[in-house]
2 protein chains.
Amino acid sequence: MGNDIERALKLFIVLSRASKVVLEESNQLLDDYNLNPSEFAVLELLYHKGKQPIQKIGQKILLRSGSMTYVVDKLEGRGLLERVTSLEDKRIIYIVITPTGEELINDIFPKHEQHIKKMMSGLTVDEQNQAIDLLKKLGLSVKNLS
Amino acid sequence: MGNDIERALKLFIVLSRASKVVLEESNQLLDDYNLNPSEFAVLELLYHKGKQPIQKIGQKILLRSGSMTYVVDKLEGRGLLERVTSLEDKRIIYIVITPTGEELINDIFPKHEQHIKKMMSGLTVDEQNQAIDLLKKLGLSVKNLS
DNA sequence: TATTGTTATACTCTATAACTATA
DNA sequence: TATAGTTATAGAGTATAACAATA
């Protein structure tokens, strides 16, 4: 049926638009702290999961080693993280978040949370729960296609 | 309540992930045709709305005039569109999609539609309709915040 | 003077390939 | 040999500012 296609396209469009406005809003907060999404992803990972080898981080946030060096250089230059060579295997360099980096994330996170909460408040509690279930289901099924 | 924040963050994450996998999937199709999202946006606009001044297109897809020149040059080089100077106001240059450009869009669109339909088929018809309503509401309310 | 579009330039982010050092 | 990370280089895409042509 043609309606199936129309419905799917409609869903595609509203999903794209909703995520675009939401992501742009949340990126504005990162801009205030001069962080791009890759840099924020690295810091957040270190903050929540502790020290990590550079290579592991690159695998998680989908950046090649050369690009990781670039990102880490920038964050290290700002004193937000440090390189620490592994004692067991000197090829491995751990990245560790510094107190300054932790302060930054401590500063950003509450604002980030309030920002997100405000954005989502256009939906009722029930609607948010419904949306969570539907989007989780959609995301998983699309991921399984590939 | 802390739960409000947790729920909002959860929604933020599932929305980001779902849209990311969906958009990456749909961009793969554009890659096959060597089009980046900006180029596709220009062609689609011309295809559906007819000839447009370069400046108007830039306003709609959020690109500055210098960047528009770059994008239009590339598409013109591939014979997908043409520049046509306005006769009433010679400062204005309309961009017109060529038959080759229309063929390309004619070729892409059915595949695009089927691709989207397949991605969305992880949700039932009712679920898709619910998701459309919720995302439309969310997108509009976030847009009105700014 | 104001507007449309182009040119020239620079910047950010990413990828790639060759390289160093360690294993 | 293989792996972790760096260096050097290149490319895409965008922004900015100065500019020419037109209004």
Side-chain angles (χ1 to χ4, degrees), chain A residues 20 23-24 26-28 30-46 49-78 80-97, chain B residues 20 23-24 26-28 30-46 51-78 80-97:
Chain A
K20 192 178 174 191
L23 288 176
E24 274 174 2
S26 86
N27 282 343
Q28 275 188 18
L30 298 188
D31 283 347
D32 293 343
Y33 290 86
N34 283 311
L35 291 174
N36 67 38
S38 291
E39 291 165 346
F40 183 69
V42 170
L43 284 179
E44 192 198 10
L45 195 65
L46 297 175
K49 311 258 175 163
K51 70 173 183 181
Q52 307 268 332
I54 288 184
Q55 203 221 9
K56 282 273 174 66
I57 300 176
Q59 284 171 3
K60 285 183 188 161
I61 69 170
L62 303 179
L63 284 185
R64 301 308 177 104
S65 64
S67 304
M68 280 304 302
T69 297
Y70 171 79
V71 171
V72 170
D73 280 350
K74 277 174 63 184
L75 293 172
E76 191 179 34
R78 289 171 65 180
L80 301 174
L81 51 76
E82 280 177 345
R83 286 174 161 93
V84 178
T85 304
S86 165
L87 297 178
E88 304 98 51
D89 182 342
K90 289 182 185 162
R91 293 172 304 180
I92 295 177
I93 298 183
Y94 286 102
I95 305 302
V96 186
I97 193 165
Chain B
K20 192 178 174 191
L23 288 176
E24 274 173 2
S26 85
N27 283 343
Q28 276 188 16
L30 299 188
D31 283 348
D32 292 343
Y33 289 86
N34 283 310
L35 291 173
N36 67 39
S38 291
E39 290 165 348
F40 183 69
V42 170
L43 284 179
E44 191 198 12
L45 196 65
L46 297 175
K51 70 174 183 183
Q52 308 266 332
I54 287 184
Q55 203 222 9
K56 282 272 175 68
I57 300 176
Q59 284 170 4
K60 285 183 188 162
I61 69 170
L62 303 179
L63 284 186
R64 302 307 177 102
S65 64
S67 304
M68 280 303 304
T69 297
Y70 171 78
V71 170
V72 170
D73 281 349
K74 276 174 63 183
L75 293 172
E76 192 179 33
R78 289 171 64 181
L80 301 175
L81 50 75
E82 280 178 345
R83 286 173 161 94
V84 178
T85 304
S86 164
L87 297 178
E88 304 98 50
D89 183 343
K90 288 181 185 164
R91 292 172 305 181
I92 294 176
I93 297 182
Y94 286 103
I95 305 300
V96 187
I97 193 167

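Just so we're on the same page: letters track the sequence lines, and every chain starts at 1.
When distances run from any side-chain atom of B:Arg83 to the nucleotides C:dG5, C:dT14, C:dT6, the shortest one goes to C:dT6. The side chain of A:Tyr70 has C:dT12 as its nearest neighbour among C:dT12, D:dG13, D:dG5. Minimum atom distance to the side chain of A:Leu63 is reached by C:dT14, of the listed D:dT14, C:dT14, D:dG5. The nucleotide whose nearest atom lies closest to any side-chain atom of A:Thr69 is, among D:dT6, D:dA12, D:dA4, D:dT6.
In this structure, A:Asp73 atom CG and C:dT14 atom P are separated by 14 Å, rounded to whole Å. Following rounding to the nearest Å, A:Leu62 (CG) and C:dC13 (C1') show an atom-to-atom distance of 15 Å. Distance, B:Gln52 CD to C:dT4 P: 14 Å, rounded to whole Å. To the nearest angstrom, P of C:dT12 lies 14 Å from CG of A:Leu35. When the C1' atom of C:dG5 is taken as reference, atom OH of B:Tyr94 falls 14 Å away, rounded to whole Å. The distance between atom CZ of A:Phe40 and atom C1' of C:dC13, rounded to the nearest whole Å, is 19 Å. Residue B:Ile92 contributes atom CD1, which lies 13 Å from atom C1' of C:dA2 at whole-angstrom precision. Distance CE (A:Met68) to P (C:dC13): 14 Å, rounded to an integer number of Å.
Using modelled atom types, no side-chain atom of A:Glu44 and backbone atom of A:Ala41 make a donor-acceptor pair closer than 3.5 Å. Judged purely by atom type and a 3.5 angstrom limit, A:Gln59 has no side-chain atom pairing as donor or acceptor with the backbone of A:Lys56.
No more than 12 heavy atoms of other residues, nucleotides or ligands lie within 6.0 Å of NZ in B:Lys90, so this atom counts as exposed by the packing criterion.
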How would nucleotides 16-23 of chain D be written as a contact map, 5' to 3', with B for base contact, S for sugar-phosphate-only contact and - for no contact, using protein heavy atoms under 4.0 Å? B-----BS
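Within the structure, every side-chain polar atom (N or O) of B:Ser38 is placed at least 4.0 Å from both OP1 and OP2 of D:dG13. Between D:dA12 and B:Asn36, no contact under 4.0 Å exists linking OP1 or OP2 to a side-chain N or O. The phosphate of D:dA12 has neither OP1 nor OP2 within less than 4.0 Å of any side-chain N or O from B:Lys74.
Summarising the geometry of B:Leu80 relative to B:Ile97, their closest heavy-atom pair is O-CG1, 3.5 Å, with the distance given to 0.1 Å. Of all the heavy atoms in B:Val96 and B:Lys51, the pair that sits closest is CG2-CB, 3.9 Å.
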Start with the C-alpha gap between A:Asn27 and A:Leu30, add the side-chain angles, then the distance that decides, and say whether side chain to side chain contact (heavy atoms under 4.5 Å, CB included) holds. CA-CA 5 Å; A:Asn27 282 343; A:Leu30 298 188; 4.0 Å; yes
Determine, step by step, whether B:Ile54 and B:Thr69 satisfy the side chain to side chain contact (heavy atoms under 4.5 Å, CB included) criterion, reporting the C-alpha distance in whole Å, the side-chain angles of both residues, the deciding distance to 0.1 Å, and the verdict. CA-CA 8 Å; B:Ile54 287 184; B:Thr69 297; 5.7 Å; no
